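This is a predicted model, so every value here is computed, not measured. By convention in this document, chain letters (A, B, ...) are assigned in the order of the sequence lines, proteins followed by strands, and residues within each chain are numbered from 1.
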Amino acid sequence: MDKVYDQTKTEEKWYKFWEESGFFKPEVNPDGKPYTIILPPPNANAPLHFGHAMYVVEDILIRYHRMLGDSTLWLPGSDHAGFETQVVFEKQLEKEGKSRFDYDRETLYQMIWDFVQDNKGTMEGQLRKMGFSVDWSRMKFTLDPDIIKIVYKTFKKMFDDGLIYRGTRIVNYCTKHGTSFSDLEVLYEDRTTPLYYIKYGPLILATVRLETKFGDTAVAVHPRDTRYQQYIGKELDIETVLGPAKIKVISDEAVDPEFGTGVVKVTPAHSMVDSEIGKRHNLEVRQVIGFDGRLNEKAGKFAGMRVKEARAAIAKEMQEKGLIEKIDESYKNRVGVCYKCGTEIEPLPLEQWFIKVGDLAKKAIEVVKEEKIKIYPKNWETTYFRWLENIKDWNISRQIVWGMQIPAWFCKNCDKWIVTEGETPNKCPSCENVSLERDPDVFDTWFSSGQWPFATLKASRPGGFEKFYPTSVIETMYDILLFWVARMVMLGIYSTGKIPFKDIVLHGKVLDPLGKKMSKSKGNVVNPIEIVEQYGADAARMALVYGTAFGHDQALSHPKLQAMRNFTNKLWNIGRFIIEFAPEDAKHLDKNATAIQSLSNSNDQEILAKLNKTGEAVGKAIDQYRFHDGADALYEFIWHEFADKYIEQSKDRRTETQPVLEYIFRTSLELLHPFMPFITEELWQKLPHEGKSIMLANWPGKNPF
RNA sequence: GGACAAGUAGCUCAGUUGGUCAGAGCGCCUCAUUUACACUGAGGAGGCCACAGGUUCGAGUCCUGUCUUGUCCACCA
């Protein structure tokens, strides 16, 4: 054995061996009970960052269950990540002085496709370097034709079941990116915005959005507000920057009499709340801001201005005309912005596809309340329930090209939508019209990834779905519990009638060494390969689970990585001591470990008892998703009990203890294997053993004696 | 406005159902050894476990309140 452990050479060698031997496939344990994890598909638009290395806990679960004899499947994939990817790609185009509008739909789609293919290769290499035992033969991409087919089928079924409707609603719209978003995708920022107290005839009302006043189709007060009773139902003559106008006064419960003057302007086209009020009172929806973020012709001389400049110009002119009572410059509010570019989100009326989520959400709540699905750590249940209990219909249309184009065609003759499972209808079934127009929009990427567990299993291998669904665990970072996990529960139950997984396991965020969030713009993103090359994959894996309670955020810690690299060095040297420096006359571990049973030295008894205890602790820790407990128990036992105490004591009676040393070490390696797969394989192979790989060794159960 | 998490040695963090739980890694100090391992071993210094009350024979560990930090949610014009 080399004096120094060569991690790079060893890691490459074993990964290749495992993969080529087919050990990652569930078929290595054909008779075992199924144990399944679907890998949360990383975005195909960029290489992995170090946070993705947290997949290690899935590998721990998978390797552990494989050793338990389960028919274990870890199914990998990658996500086209619709809008995310298009944004990344558009930035690249921007650098070349181009924009998405320079290309037609097909060309742009093809260009992004090629871009994504490169990244997919990089990503797969990274996953291999971390030692992840995914079944590569079942790898899926969210835009694979068979996946698309399944997603279309779901859409059609939902449409037929009346769960999908086409409607004009106020949507969250980013005028820079030219697309709408779901509520979850809107970020809110604290701002200080001037609050204008403006005169509407005899009334004074407070607003920040002067520029939407041309879309006002009423003013509203609270029905029981005594100050304004005489105005309710009347039409007021008001003076505006565009001349005299008339406006109706209505009363609505949604108005808070405490805010401002208790009077609000109602702009159904540009506010969610106002739209609701408008519906209740049958108000006209008058859109004054266009999808380009500029005021339209209804704004008179302000037409063509961007929202911000229009607001300033209107304020100036109103002040000159004496229409502004006062301005509160220190008013604090929250403004919705695009999570990618920070542009203020415009609520705009747009016709989109929506999912009625009420009943789906109810079922998703039920299965968790009934503990058919359990969430770890449990406190996330609160977040999950709160969101689902207050959920609103889900806008799934996106005005981009990168994604699955919605399989819906419009017939102008009948004023009707025709939805299919993807095939292009050659004519309208009602009127025989042949010039149908397809909706250019694509699905929200979460609509398709919400179907990932059953879609991948149905698409990867015949019988796969029947055998491996429902899956055992979904493990991901807590930040996509609502975006993704909750949607998978809803869509999974809807499509298959069964829950998509039994346990939801949520890990924390990996921060940079200073405890700051990693982001491309800050330039502090760490590539997992760098860490692997510096410390070894085993150390990188161990460092992520050791010393931080599972589920909590943690900073990337070089001292901890060093400590874990030192631990691999310790393991290597224990190995050298036991294997390389064995006395020539020593007995060795035999098949049934009988040589150990005959020993009665109290040191031997003690270490064997501690080994058993450690084995139990590790199994229990993994079962309960308390990975840090398992890592801690192993580190403590191997280094401080076995190496520091037992091995030191054994030096006096080396010949006799050799089988015990071999037994304890081999068993320790087996227990450690899910955490540190490479070095454990390397050393296990050098010890007396049965079988081709530690990967397939039996998990050392309780009380091996 | 609400929710969740965290506040424990200089730093980073463990301490599931209250009673060897006052711990680990790194750092620091002393000593040892060419030892299987210096990516080492033995030992040591360092903490009113955020603060204030309370429950209890007994509380980092339970309850109440306060403060600080972080994250998330919410249509306040």
Side-chain angles (χ1 to χ4, degrees), chain A residues 1 3-5 170 172 183-184 186-188 193 195-196 205-209 212 216 219-220 254-256 258-267 270-277 331-334 336 347 377-387 389-390 392 478-479 481-482 508-509 511 513-517 535-536 539 543 546-582 620-621 624-626 628-629 631-633 635-636 639-640 643-645 647-648 650-651 654 661:
Chain A
M1 287 169 74
K3 194 160 181 344
V4 177
Y5 173 57
I170 304 295
N172 310 297
D183 296 334
L184 269 183
V186 179
L187 266 186
Y188 287 89
T193 319
L195 180 65
Y196 302 95
L205 59 85
T207 181
V208 297
R209 302 216 56 190
T212 63
D216 294 353
V219 293
V255 180
D256 176 4
E258 302 292 316
F259 183 86
T261 58
V263 185
V264 298
K265 60 196 212 58
V266 185
T267 322
H270 298 295
S271 152
M272 311 272 177
V273 192
D274 292 10
S275 162
E276 296 297 313
I277 297 176
Y331 176 64
K332 286 189 170 46
N333 66 345
R334 281 172 75 70
K378 200 170 165 49
N379 51 279
W380 285 103
E381 282 183 2
T382 316
T383 307
Y384 177 87
F385 289 139
R386 265 169 53 105
W387 185 67
E389 279 157 8
N390 299 304
K392 290 191 299 186
Y478 56 73
D479 66 337
L481 173 65
L482 306 179
K509 196 183 301 178
L511 306 162
L514 299 172
K516 295 269 184 291
K517 198 180 154 181
Y535 300 100
Y546 180 89
T548 301
F550 182 74
H552 292 176
D553 292 352
Q554 63 173 317
L556 172 70
S557 160
H558 287 282
K560 192 149 82 175
L561 284 158
Q562 271 162 22
M564 293 307 135
R565 186 207 45 199
N566 295 355
F567 184 49
T568 58
N569 177 253
K570 193 68 183 179
L571 290 165
W572 183 249
N573 282 296
I574 295 171
R576 287 180 67 217
F577 177 75
I578 294 175
I579 298 153
E580 195 95 333
F581 292 79
K620 195 175 151 196
Q624 300 180 342
Y625 309 114
R626 295 177 57 87
H628 57 293
D629 281 347
D632 183 73
Y635 181 92
E636 178 64 23
W639 198 319
H640 300 301
D644 288 348
K645 294 195 187 127
I647 290 183
E648 288 308 316
S650 78
K651 283 178 179 169
R654 181 63 201 275
L661 289 168

Would you mind reading off the distance between A/Leu481 atom CG and B/C73 atom C1', rounded to a whole angstrom?
12 Å
A/His640 side chain N/O closer than 4.0 Å to the phosphate oxygens (OP1, OP2) of B/G25?
yes
Just how far, in rounded Å, is C1' of B/G1 from CG of A/Asn333?
15 Å
What nucleotide, of B/G15, B/U16, B/A3, holds the atom closest to the side chain of A/Lys620?
B/U16
Quick one: A/Asp632 CG to B/A14 C1', roughly how many Å, whole number?
7 Å
Which is true for A/Lys517 with a 4.0 Å heavy-atom rule: it touches a base, it touches only sugar-phosphate, or it touches nothing?
nothing
Atom CZ of A/Arg576 and atom C1' of B/U40: how far apart are they, to the nearest Å?
13 Å
How far apart are the closest heavy atoms of A/Met272 and A/Pro347, and which atoms are they?
CE-CB, 4.5 Å
When both hydrogen-bonding distances must be under 3.5 Å and the geometry is Watson-Crick or G-U wobble, what is B/U20 paired with, if anything?
none
Tell me whether the side-chain N or O atoms of A/Lys560 pair up with the base of B/A24 as donor and acceptor below 3.5 Å, since no angle test is needed here.
no
N/O (side chain, A/His628) to phosphate O (OP1/OP2, B/A24) under 4.0 Å:
no
Syn versus anti for B/G18, judged by chi lying within 90° of 0?
anti
Of the options B/C73, B/C37, B/C4, whose atoms approach the side-chain atoms of A/Lys3 most closely?
B/C37
Counting only side-chain N and O atoms of A/Lys509, is one of them less than 4.0 Å from OP1 or OP2 of B/U71?
no
Base, sugar-phosphate, or nothing for A/Ser557, non-hydrogen atoms under 4.0 angstrom?
nothing
Just name whichever nucleotide pairs with B/G10, Watson-Crick or G-U, keeping both distances under 3.5 Å, else none.
B/C26
Taking a pair to mean Watson-Crick or G-U wobble geometry with both distances below 3.5 Å, B/U34 pairs with none
Residue pair A/Asn573 / A/Phe577, side-chain heavy-atom distance below 4.5 Å:
no
Using atom C1' in both nucleotides, what's the gap between B/A22 and B/A14 to the nearest angstrom?
12 Å
In whole angstrom, give me the gap between the P atoms of B/A50 and B/U12.
15 Å
Kindly indicate whether the side chain of A/Arg209, heavy atoms from C-beta on, has any atom under 4.5 Å from the side chain of A/Thr267.
no
Toward the 5' end of RNA chain B, which comes first, A/Val4 or A/Tyr546, by nearest nucleotide?
A/Tyr546
Atom CZ of A/Arg209 and atom C1' of B/C76: how far apart are they, to the nearest Å?
14 Å
Mind checking the C1' distance from B/G15 to B/G7? Whole angstroms is fine.
15 Å
Taking any heavy-atom pair under 4.0 Å as a contact, classify A/Leu482: base, sugar-phosphate, or nothing.
nothing
Take the angle between the ring planes of A/Tyr535 and A/His558 and call it parallel below 30°, perpendicular above 60°, tilted in between.
tilted
Could you tell me the Watson-Crick or G-U partner of B/G1, where both distances fall under 3.5 Å? Say none if there is no partner.
B/C73
Taking pairing as Watson-Crick or G-U wobble with both contacts under 3.5 Å, can you name the mate of B/C48, or confirm there isn't one?
none
Test salt bridge (charged side-chain N to carboxylate O under 4.0 Å, His left out) applied to A/Lys265 - qualifying residues, sequence neighbours left out
A/Asp216
Going by distance alone, is a donor N or O of one side chain under 3.5 Å from an acceptor N or O of the other, for A/Asp632 and A/His628?
no
Would one find a side-chain N or O of A/Trp639 under 4.0 angstrom from OP1 or OP2 of B/G41?
yes
B/U40 versus B/G58 - spacing of their P atoms, nearest Å:
46 Å
Any base atoms under 4.0 Å from A/Ala643, or only sugar-phosphate, or nothing? Heavy atoms, all strands.
base
Is there a side-chain polar atom (N or O) of A/Arg334 under 4.0 Å from OP1 or OP2 of B/A77?
no
A/Thr382 has its side chain closest, among B/G15, B/A3, B/A77, to B/A3
Within the modelled atom types, does a donor on one side and an acceptor on the other bring the side chain of A/Glu648 and the base of B/A36 under 3.5 Å apart?
yes
Closest nucleotide of RNA chain B for A/Lys570 versus for A/Thr548: which of these residues is on the 5' side?
A/Thr548
Phosphate oxygens OP1/OP2 of B/A74: is one of them under 4.0 Å from a side-chain N or O of A/Asn390?
no
If I pick the P atom on B/U20 and the same atom on B/C4, what distance separates them, to the nearest angstrom?
30 Å
Anti or syn, where syn is a glycosidic angle within 90° of 0; which label fits B/G54?
anti
A/Lys651 side chain: which of B/C75, B/A36, B/G15 is closest?
B/A36
What's the closest nucleotide to the side chain of A/Pro559 if the choices are B/A3, B/C26, B/C76?
B/C26
Among B/U35, B/A77, B/U16, which nucleotide sits nearest the side chain of A/Arg626?
B/U16
Let's see if you can work this out: which of B/A77, B/A42, B/A36 has an atom nearest to the side-chain heavy atoms of A/Asp644?
B/A42
Between A/Tyr635 and A/Phe567, is the ring centre distance below 6.0 Å?
yes
Applying side chain to side chain contact (heavy atoms under 4.5 Å, CB included) to A/Arg626 and A/Lys620, what does each step give before you reach the verdict?
CA-CA 8 Å; A/Arg626 295 177 57 87; A/Lys620 195 175 151 196; over 6 Å; no
Has A/His552 got a side-chain N or O lying under 4.0 Å from the OP1 or OP2 atom of B/A14?
yes
Between B/A77, B/C39, B/A14, which one does the side chain of A/Tyr331 approach most closely?
B/A77
Between B/G54 and B/U61, how many Å separate the two C1' atoms, rounded to a whole number?
16 Å
